[in-house]
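Because only heavy atoms are used, hydrogens play no part in the values below, and waters and symmetry mates are left out as well, while side chains stay in.
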Amino acid sequence: MKPRMMGALAVLLLAGCSKVTQENYDKIEMGMSKVEVEGILGGADHCEQAMGTESCVWGNDKKQIKVGFAGDNAVLFTSKGLN
């Protein structure tokens with residue numbers, strides 16, 4: 001198989017395995033640790049820290065789950081484009 005075709009197949013397979021779903025969003029609860037949230041969603045695509053808080057995003061601009069942590073506890077979570 002050509003390398004280009006293998007790369008395209010890998011992208012399609014990974015897109016189909018996304019953990020950024022409504023079902024997984026519904027599993028997130030207030031007070032969960034970052035490790036617990038990562039157990040549901042996997043590693044975050046992007047995190048930012050400021051003044052003892054951390055905000056992490058799973059997904060992209062069109063389809064995402066965003067979780068805010070304070071003291072390693074989920075205190076805010078939102079979703080976009082899951083339906």
Side-chain angles (χ1 to χ4, degrees):
M1 187 178 280
K2 293 182 180 180
R4 184 174 286 181
M5 290 179 71
M6 288 176 59
L9 180 59
V11 169
L12 289 173
L13 290 173
L14 290 173
C17 297
S18 174
K19 292 188 174 191
V20 180
T21 65
Q22 184 66 49
E23 181 180 347
N24 284 338
Y25 177 78
D26 292 340
K27 293 177 184 177
I28 301 168
E29 297 179 6
M30 293 290 266
M32 280 185 158
S33 70
K34 184 177 178 185
V35 170
E36 290 173 312
V37 174
E38 288 175 333
I40 296 168
L41 299 174
D45 293 303
H46 179 76
C47 291
E48 293 181 0
Q49 296 180 344
M51 299 182 68
T53 65
E54 186 170 21
S55 179
C56 295
V57 176
W58 287 261
N60 55 45
D61 287 339
K62 293 183 180 184
K63 183 178 179 181
Q64 68 176 236
I65 295 174
K66 185 174 185 178
V67 182
F69 298 93
D72 195 42
N73 294 311
V75 295
L76 174 71
F77 42 97
T78 61
S79 67
K80 178 179 173 183
L82 299 184
N83 294 333

Is the shortest side-chain heavy-atom distance between Leu41 and Val20 below 4.5 Å?
no
Restricting to pairs with a member in residues 50-83, which pass disulfide (SG to SG under 2.5 Å), not counting sequence neighbours?
Cys47-Cys56
Honestly curious: do Leu82 and Val67 fall in one hydrophobic cluster under the side-chain, below-4.5 Å linking rule?
yes
I need the full list of salt bridge (Lys or Arg N to Asp or Glu O under 4.0 Å) pairs touching residues 71-83, with sequence neighbours left out, sorted by first then second residue.
none
What pairs of residues pass the salt bridge (Lys or Arg N to Asp or Glu O under 4.0 Å) test when at least one of them lies in residues 31-43, not counting sequence neighbours?
Lys34-Glu54
All side-chain contact (heavy atoms from CB on, under 4.5 Å) counterparts of Asn60, not counting sequence neighbours
Lys62, Lys63
Quick one: side chain to side chain donor-acceptor pair (under 3.5 Å) partners of Glu23, sequence neighbours excluded?
none
Kindly list each side-chain donor-acceptor pair under 3.5 angstrom involving residues 25-32, sequence neighbours excluded, with atom names and distances?
residue, atom, partner, partner atom, Å
Tyr25, OH, Phe77, O, 3.1
Asp26, OD1, Gln22, NE2, 2.9
Lys27, NZ, Asn24, OD1, 3.3

Tell me the closest heavy-atom pair linking Lys19 and Gly39, and the distance in Å.
NZ-O, 4.5 Å
Minimal heavy-atom distance between Thr53 and Ala70, with the atoms involved, is CG2-CB, 4.4 Å
Got a sec, which residues hit ring pair (Phe, Tyr, Trp, His ring centres under 6.0 Å) with Phe69, two or more places apart in sequence or on another chain?
none
Once ring pair (Phe, Tyr, Trp, His ring centres under 6.0 Å) is applied, what residue pairs with a partner in residues 37-60 remain, sequence neighbours excluded?
none
